[in-house]
Amino acid sequence: MAENKYNKLTVINSAGYKTKIHSGAHTIIADEPLSSGGTDMGFNPYDLLLSALGSCKAITIRMFAERRKYPLEDIVIELTHGKIYAEDCQDCDSKEGRIDNINVEIKLTGDLTSDQKNSIIDISKKCPVHKTLISEIRINTTAID
């Protein structure tokens, strides 16, 4: 049987939408924008999701490039999230409703060949967060005392 490894976060929201997220010695703030009734004091939840994906890709790329001794200097990743109609998606299994759509654009600087750039883009799709987001996901939610 596979070993279960869990990351543990503590999320605290006492009032409004501003939410403190704690992981070990680190704290970040999540919130909603003013237009949604929040105080705009932190990332919105989808920004956090995209941040997890983007940072995972950047770390994976850097590790890969270092191991291969590629002359990679900087990595800039821009991500967007939106919804598209399933009927407009030619390669989607679902054909009804709306589908979450994440676009990832990666800019690599350094004296890289086309083959190196292609290898880097391919490896970015193997980062753990990318693999999680495209796999079947179960979310178990329970109340605790």
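Computed from a predicted model, the values in this text were never measured in an experiment.
The shortest distance between side-chain heavy atoms of Val104 and Lys57 falls below 4.5 Å. You'll find the side chain of Thr142 stays beyond 4.5 Å of the side chain of Asn140, heavy atoms only. Residues Glu105 and Ile77 fail the side-chain proximity criterion, which asks for heavy atoms closer than 4.5 Å. Looking only at side-chain heavy atoms (C-beta outward), Tyr70 and Ser119 come within less than 4.5 Å of each other. Ile121 places a side-chain heavy atom less than 4.5 Å from the side chain of Ile106. Side-chain contact between Arg62 and Ile75 is present, with heavy atoms from C-beta onward closer than 4.5 Å. For the pair Ile102 and Leu50, the minimum side-chain heavy-atom distance is below 4.5 Å. At least one side-chain heavy atom of Asn101 sits less than 4.5 Å from a side-chain heavy atom of Asn103.
Asn13 places a side-chain N or O within donor-acceptor distance of the main-chain N or O of Gly16, the cut-off being under 3.5 Å. Listed for the Ser35 side chain is no donor-acceptor partner under 3.5 Å among the backbone atoms of Pro33. Between the side chain of Ser124 and the main chain of Ile61, no donor-acceptor pair closer than 3.5 Å is present. The closest donor-acceptor contact from the side chain of Asp40 to the backbone of Leu34 lies at 3.5 Å or more, if one exists at all. In this structure a side-chain-to-backbone donor-acceptor pair under 3.5 Å is present from Asp31 to Met41. Panel note: side chain Lys95, backbone Cys89; a donor-acceptor pair is recorded below 3.5 Å. Without hydrogens or angle criteria, Thr113 side chain to Gln116 main chain gives a donor-acceptor distance under 3.5 Å.
In this structure, Thr132 and Ile137 approach most closely via the heavy-atom pair O-CD1, 3.4 Å. Considering every non-hydrogen atom in both Ser51 and Phe43, the closest pair reads OG-CE2, 4.0 Å. Between Ile123 and Ile120, the shortest heavy-atom contact is CG2-O, 3.1 Å. Residues Cys56 and Val129 approach most closely at SG-N, 3.4 Å, considering heavy atoms.
If you check the side chains of His81 and Asp100, you find a donor sitting under 3.5 Å from an acceptor. Side chains of Asp47 and Asn44: a donor on one and an acceptor on the other come within 3.5 Å.
Within the model, atoms NE2 of His22 and OG1 of Thr27 stand 4.5 Å from one another, a figure rounded to the nearest 0.5 Å. Separation of atoms CG (Leu49) and OH (Tyr46) is listed at 7.5 Å; rounding is to 0.5 Å. Of the inter-residue distances, the one linking Glu87 atom CD with Glu96 atom CD reads 9.5 Å to the nearest 0.5 angstrom. With rounding to the nearest 0.5 angstrom, the CZ atom of Arg68 is 13.5 Å from the CG atom of Leu112. The structure places NZ of Lys20 at 13.0 Å from CD1 of Ile28, a figure rounded to the nearest 0.5 Å.
Taking a 6.0 Å sphere around CG of Asp111, one finds it holds 12 or fewer heavy atoms contributed by other residues, nucleotides or ligands. By the neighbour-count criterion of 12 heavy atoms within 6.0 Å, atom NZ of Lys83 is densely surrounded, having more than that number from other residues, nucleotides or ligands.
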Determine whether Leu48 and Ile21 satisfy the following criterion, side-chain contact (heavy atoms from CB on, under 4.5 Å), listing intermediate values before the conclusion. CA-CA 11 Å; Leu48 290 170; Ile21 303 164; 3.7 Å; yes
The test is side-chain contact (heavy atoms from CB on, under 4.5 Å); show your working for Leu72 and Leu108 and say whether it passes. CA-CA 7 Å; Leu72 176 64; Leu108 306 167; 4.0 Å; yes
